[in-house]
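See below for the structure under consideration.
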Amino acid sequence: MAQAAQAAQGPQPGWPVTEAEALAVQDQLRARVEYADHSPVPGAPCTLVAGVDVAYDDERDLVAAAAVVLDAATLEVVAQATALAPVSFPYVPGLLAFREIPAVLAALEQLGSVPGLVVCDGYGMAHPRRFGLASHLGVLTGLPTIGVAKSPFLFRHAPVGERRGDSAPLLDEGRGRGECGPDGDEGGDEGGEEVGRALRTREGVKPVYVSVGHRTGLDAACAHTLALARHYRLPETTRRADALCRTALRAAQGT
DNA sequence: GCGACAG
DNA sequence: ATCTTGTCGC
């Protein structure tokens with residue numbers, strides 16, 4: 001079924017060290033994001049969907065990543081892998097990807113299968129510069145990706161309906177350092193550009209925040225999220241990856 | 001200048 | 001993210 005492996009390599013040569021370098025990398029990679037949908041049919045039998053997540057121990061300079069592959073229809077685990085790496089970047093809102101990606105890539109590489117979609121714990125297009133960790137991971141792997149976050153970051157949205165499946169546009173009203181300026185059409189009618197969606201996956205529970213990463217459309221991203229979050233607020237992919245990376249980190253700490 | 005700010 | 005006990009409810 002699964003295979004748990006580990007790797008302990010440092011950040012790649014050329015990995016950004018300063019914020020300015022990281023910003024430059026984002027600006028360069030952002031042009032390679034593809035917005036046409038190439039993701040699988042949501043919930044289709046025998047298609048593979050992966051979830052990735054990381055856990056930190058800054059004290060010991062350690063980050064543990066996990067990648068878990070599920071059957072999109074049954075939500076059963078098909079494969080999983082973990083990887084350890086040194087913390088490659090400090091936490092800076094807007095530059096999260098530089099902290100998570102090296103370890104996540106290592107975990108994905110040790111997977112025995114190639115998923116048709118990768119679900120990230122965070123944002124994709126819903127990012128001050130439209131290049132969140134889901135976008136970043138997508139460009140580096142070429143895989144369709146989406147971001148499903150637990151809080152709205154710097155965006156706002158109208159109240160979301162109470163039933164499962166209800167949603168409201170996530171709007172960028174122009175904060176954070178991204179863009180400002182009075183020119184250009186923001187895409188939306190009033191209130192800013194739609195960068196994602198606040199989506200209710202469970203009745204009476206706080207919504208999740210979905211945005212497009214690479215090679216996936218927003219409608220498809222929401223459909224995938226709903227198909228993966230049938231039992232809990234968060235997609236089964238992120239729940240499984242979260243549990244696995246915590247276990248991997250504890251195991252590493254006891255070493 | 002100050003506060004907010006995915007994980 | 002992480003530090004942390006019990007508790008109310010399906």
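Keep in mind that what you see is a predicted model, and the values were worked out from it rather than measured.
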It should be established whether [X] places a side-chain nitrogen or oxygen under 4.0 Å from OP1 or OP2 of nucleotide [N].
X	N	result
Tyr209(A)	dA6(B)	no
Arg246(A)	dT2(C)	yes
Lys150(A)	dA6(B)	no
Ser151(A)	dC5(B)	no

Tell me the interatomic distance from [X], atom [atom1], to [N], atom [atom2], rounded to whole angstroms.
X	N	atom1	atom2	result
Glu100(A)	dA1(C)	CD	P	9 Å
Arg239(A)	dG7(B)	CZ	P	16 Å
Leu249(A)	dT2(C)	CG	P	7 Å
Arg129(A)	dA6(B)	CZ	P	14 Å
Leu137(A)	dG7(B)	CG	P	16 Å
Tyr91(A)	dC3(C)	OH	C1'	17 Å
Tyr123(A)	dC5(B)	OH	P	11 Å
Leu62(A)	dT2(C)	CG	P	12 Å

For this session: Calculate, to the nearest 0.5 Å, the distance between atoms CG and CZ belonging to Leu96(A) and Arg99(A) respectively.
Result: 7.5 Å
For this session: First locate atom OG1 of Thr47(A), then atom CG of Leu70(A), and finally report the distance between them rounded to the nearest 0.5 Å.
Result: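 Going from OG1 on Thr47(A) over to CG on Leu70(A), the span is 10.0 Å.
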Within the 4.0 Å heavy-atom criterion, would you say [X] contacts the bases, only the backbone, or no part of the nucleic acid?
X	value
Gly94(A)	base
Asp53(A)	sugar-phosphate
Leu95(A)	base

For this session: Return yes if some donor-acceptor pair links the side-chain N/O of Thr216(A) with the main-chain N/O of Pro144(A) below 3.5 Å, else return no.
Result: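 Absent.
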Exercise. From the list dG7(B), dC5(B), dT2(C), which nucleotide is the closest neighbour of the side chain of Ala55(A)?
Worked result: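 Comparing dG7(B), dC5(B), dT2(C) against the side chain of Ala55(A), the answer is dT2(C).
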For this session: State, yes or no, whether a side-chain contact exists between Ser211(A) and Leu170(A) at a heavy-atom distance under 4.5 Å.
Result: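 Sidechains of Leu170(A) and Ser211(A): no contact.
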Exercise. For Tyr35(A), does the OH atom have more than 12 heavy-atom neighbours from other residues, nucleotides or ligands under 6.0 Å away?
Worked result: yes
